[in-house]
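Note sheet for the following structure.
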Amino acid sequence: MSYSQLAQLELMNAAANVTSQDDLDALRMTLSLFFAERAQKAIDKMWDEGTLNQSKLDELRGQHLRTPYNKH
């Protein structure tokens, strides 16, 4: 089994035990914190490697990165 398939099984097992809104909220928070930590580690690595720096952050701050919507 692939790691993706194993993760799906783990999430399905966790979801099977969700019996209330509080449980669902706690599961969402746990997943959010997991992905936030992974994102922070990736950002820290880019900073340490020099891929990301204050100059690049300043450049990104001024960009408009939203997807344009077709008005038709």
Side-chain angles (χ1 to χ4, degrees):
M1 249 187 207
S2 71
Y3 287 114
S4 177
Q5 291 169 325
L6 290 170
Q8 289 174 7
L9 285 174
E10 289 292 333
L11 289 171
M12 286 175 39
N13 286 334
N17 292 304
V18 172
T19 59
S20 68
Q21 185 65 46
D22 287 342
D23 288 348
L24 180 58
D25 292 344
L27 180 59
R28 284 181 177 152
M29 180 60 72
T30 299
L31 290 170
S32 295
L33 292 172
F34 171 78
F35 286 108
E37 182 180 321
R38 289 186 72 193
Q40 187 62 57
K41 285 180 181 180
I43 290 168
D44 290 345
K45 182 179 178 188
M46 290 187 330
W47 192 274
D48 292 342
E49 292 173 347
T51 306
L52 185 64
N53 56 36
Q54 190 60 50
S55 175
K56 184 68 174 174
L57 288 176
D58 292 341
E59 179 185 327
L60 290 171
R61 184 179 298 126
Q63 291 186 8
H64 179 73
L65 301 174
R66 291 189 180 191
T67 303
Y69 292 98
N70 192 351
K71 294 183 180 183
H72 300 288

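All residue numbers in this chain count up from 1 along the given sequence.
A distance of 10.5 Å separates CG of L24 from OG1 of T19, quoted to the nearest 0.5 Å. Distance CD1/I43 to OG1/T51: 12.5 Å, rounded to 0.5 Å. In this structure, CD in E10 is found 11.0 Å from CE in M12, a value given to the nearest 0.5 Å. A distance of 12.5 Å separates CD in Q40 from CG in L33, rounded to the nearest 0.5 Å.
Pairs of residues two or more places apart, or lying in two chains, never qualify as salt bridge (charged side-chain N to carboxylate O under 4.0 Å, His left out) while including a residue from residues 17-30.
K45 and D48 are not joined by a salt bridge, as no carboxylate oxygen comes within less than 4.0 angstrom of a charged side-chain nitrogen.
Taking the side-chain contact (heavy atoms from CB on, under 4.5 Å) definition, one finds that E37 meets it with K41, sequence neighbours left out.
The two atoms that bring W47 and L57 nearest to each other are CZ3-CD1, 3.6 Å, heavy atoms only.
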